[in-house]
Every structure is written in C-alpha cells, then in structure tokens.
There are 2 protein chains.
Amino acid sequence: MKNSLHLQVITYTLMTDKKEKILQSALVLFANEGVSATSTNKIAKLAGVSEGLIFRHYKSKKGLLNAIIENAEQKVNILFGDIMMQTDPKSVILKTIEFPFLIKKSEYNYWKLQFKLKWEEEYNNPNKMKPLLDKLTWAFTQLNYDFPALEAQYMLQTLESISTEILKGNLTNQQQFKQFLIHKYSA
Amino acid sequence: MKNSLHLQVITYTLMTDKKEKILQSALVLFANEGVSATSTNKIAKLAGVSEGLIFRHYKSKKGLLNAIIENAEQKVNILFGDIMMQTDPKSVILKTIEFPFLIKKSEYNYWKLQFKLKWEEEYNNPNKMKPLLDKLTWAFTQLNYDFPALEAQYMLQTLESISTEILKGNLTNQQQFKQFLIHKYSA
DNA sequence: AATTTAATAGTGAGTACTTACTTATTATAG
DNA sequence: CTATAATAAGTAAGTACTCACTATTAAATT
C-alpha cells in the first residue's frame, strides 16, 4: 500500500506509510535522546527505511524536526483552545489546572520534545503563552484576586513545571496533587 | 605559570591554567549548545589548547562532563545548605523563596547545564531534593498548613520553574515576582 | 649549586568511525 | 508511460580519541 489516509484532528493529510514511520521514529529518538544525539542513520534504522528517504521527504534533518514541531503544536493548540473558549473565570482556572494531567501517555514524546526544545534559544518563544496568560489574568481579575497578572504568571509557571515533572516520570501522586491545586484555588 | 591556586569554598584544588580553561570553555558550550552538540574540537579551540590535552586531563568527553557536574553540585549544595540550617519555619520558607533569585549571573551556565541534564535519564535524580522537601514539609507542619507535604512539593516545583525561567531569561520582573511570593506565604 | 632523573603538561598529526546529505538507479503505482 | 517512492552506494566533513613526541617543572643525587 503506497498511501494511507490519516485523520489528524485539524487537517487531513496524505502521507505514505514510510513517510509517517520516519516521523514517528524521529519523534521517539528526538524526544528521548535529544536532537543532536540522534543521527539520521538511527532514525532510518528504527523506521526500517533507507536513510536517503528521510531527505527525499523532509529535505534535511532540520526539516524533519520542523515537521514534527508543526505536528506537536497542533496538539498544544487543541488543549489550549479548550481553555481559551471558557467564559466562566472559575472554569478557566479549573481547566488550566487540569491541563497537565490531561496529557495522554501516547503523546508524551510530543510534549517531551517541546519542553526540551524550550532550552534552545531558537525554539524558545515565551510569547506563545501570551493569550493564555491574558485569559488567566482576566479570570483572576474577575475573581477579585489582589494581583491578577502575577497570579496568572505564577499559575502558568507552576503548570509548566508540573508538566515537566509528569513527563520526566517524577510526579507519582498525580491525582492527589491535582486535587490539592483545585482545592487551593477553590476551583 | 604552570600552576595556580584556586579557592573553591569547600576544597582547595591545584589546577593548571589550561586545565581550568578547558573546564570553563566546556561549561559554556555544554550549557548553551548542549553536550552532544559540542565537539571536543570546539572546546579545544575556545580554550585555546590542543584537542589532545582534553583527554590527557579528563580522559574522555564524559569525564570532562562529570568534572563539570561535580563543580556544579558544590554550588548547589552551598545554596541548599543555607536553607537546611535554618531553625525557624518561616525562615525556611523565606530562604527557599529567595533561592532562585540568589543565583549569580556568573554562575548561570552551571545551573543551566544542570537543569538541561535533568532531561537525560542518567542525570535526573529526583531524590536529590529529598532533604529540602523534608525540611519544607516540616516547616509547613509547624505553620499549621493543611497539607504540609503537598505544600512542600508545590513550593519546590514552583521554585524549579522560576529558576528555569530566570535562566532562560524569560522572567523580566524578578523582584516584583519575588515580593509576590513572599507576600503569598506571608514569609 | 649544579646536574641528572623522573614526572607531568602540552602539542599536532593521525586513527577508525560517524555525520548529514547526494546521486544514480530501480521499483511501483496510477 | 510517467511520476513519484524507495533504495544502495556513495561523499566530504566532522567525530571522539590515540600516539609519538617535545617542553616544562619538580625531585633526587651529586
């Protein structure tokens, strides 16, 4: 079979099986070993494909990375979108707290890669969080918090670190911790 | 000059200038470009030494990394030690909050490297924080918080994320944020 | 104090192997 | 038949590391 139809929540994409296999294999390696530590040779072997095919489909190693990042950003936007569309301030807080705990195990590698890349200047874009930060500031304002902007910043930072710990496998008491946060914000 | 005397707060170490230069150059590159992305050739050039000298002094690239990590851990222990020796629960909280804001610019690379390495399974050791976690749990217990263990975990995570943002250069309102946290814990 | 001996610091060219990427060629689908 | 998918076999530059060698310093012996 040369082509297969893959449903991605936002767009339909036609991708050959092998092209897709390359993407998945690269994701696994990039996320767990790091981009520089992953050779195109390794990717090809894991994907069961000739090395040349990577370059036919993605032009360069960086092109492959960018393709993965685009995929990853879709997944972020889906979860973010759910928060952004809330109209009740309490729901905004609640959804935001729930956010790190909603990350599916099957998508860990996407998130791992994204968090790792934040350490590379080229891919670290703090402004990407701006809309969510504004939404949270609005929510805390509605709820009459003393320093809504700082509260928003505080919450975002906490959530980033919680996500990080979950992805590293360090947060063993996830549900307990989630309840604790909800209780703390009486959300 | 072959040898120079370097005062390191815990031990005195005799190191040749070039050996020291290798260490510093490697730190800069490891912290900012990543370990795998840094070649021994690059390190040698930045240090202004022959590549072979790296291996004479540190045996391998990994040996060099380990030497840097040892140095870095000393710096962590100094800051941690200050918190651990506090006897008043409020002081424990206050010192802990102040912790990320005490990181000197001149030592950013040490911390950057350590935080980056937490993503590599080999170097990620969550138990290293255990003593501090216990101390914080004790402090929150003394202060009659409802869930001292969770509060401690929460605070540690917050601090990790603040440190991270500072090191990435994303936290522009450091003093404001620090005051906000102190106010929040009335510390 | 002078001279030999030993040890360490440092170099530069070379090692086998890996890297990202290319090119020529063949297979396969519509 | 044509266009694209896929491969195998390249390439030049880079990789961590070694080796044979020299330079510098310290220690031991006169």
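Please read these numbers as outputs of a predicted model, since none were measured by experiment. A, B, ... follow the sequence lines: proteins, then strands. Residue 1 opens every chain.
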Between [N] ([atom2]) and [X] ([atom1]): distance, integer Å:
X	N	atom1	atom2	answer
Leu53(B)	dC17(D)	CG	C1'	14 Å
Ile54(A)	dA5(D)	CD1	C1'	14 Å
Leu65(B)	dA16(D)	CG	P	12 Å
Glu20(A)	dA5(D)	CD	C1'	16 Å

Check: Can you find a side chain N or O atom of His57(B) that sits less than 4.0 Å from OP1 or OP2 on dT8(C)?
Finding: no
Next item on the list: Measure from the side-chain N and O atoms of Lys135(A) to the backbone N and O of Gln86(A), and report whether any donor-acceptor pair falls under 3.5 Å.
Entry: yes
Margin query: If I take atom CG from residue Leu150(B) and atom CD from residue Gln179(A), how far apart are they, to the nearest 0.5 angstrom?
Written below: 11.0 Å
Next item on the list: Could you tell me the separation between the OG atom of Ser163(A) and the CH2 atom of Trp111(A), rounded to the nearest 0.5 Å?
Entry: 7.0 Å
Item checked: Per-nucleotide protein contact string for nucleotides 14-26 of chain C, where B marks a base within reach and S marks sugar-phosphate only (heavy atoms under 4.0 Å, - for neither) -> -----SBBB----
For a quick check under 3.5 Å, do [X] and [Y] share a side-chain donor-acceptor pair by atom type?
X	Y	answer
Asn109(A)	Gln24(A)	no
Glu51(A)	Thr40(A)	yes
Lys168(A)	Asn124(B)	no

Notebook entry, point to check: Any side-chain heavy atom of Leu65(B) within less than 4.5 Å of one from Ile69(B)?
Noted result: yes
Check: Under 30°, 30 to 60°, or over 60°: which ring-plane class applies to Tyr185(A) and Phe140(A), parallel, tilted or perpendicular?
Finding: tilted
Check the interface with nucleotides 20-23 of chain D: list each N/O to N/O pair with the protein under 3.5 Å, or write none.
none

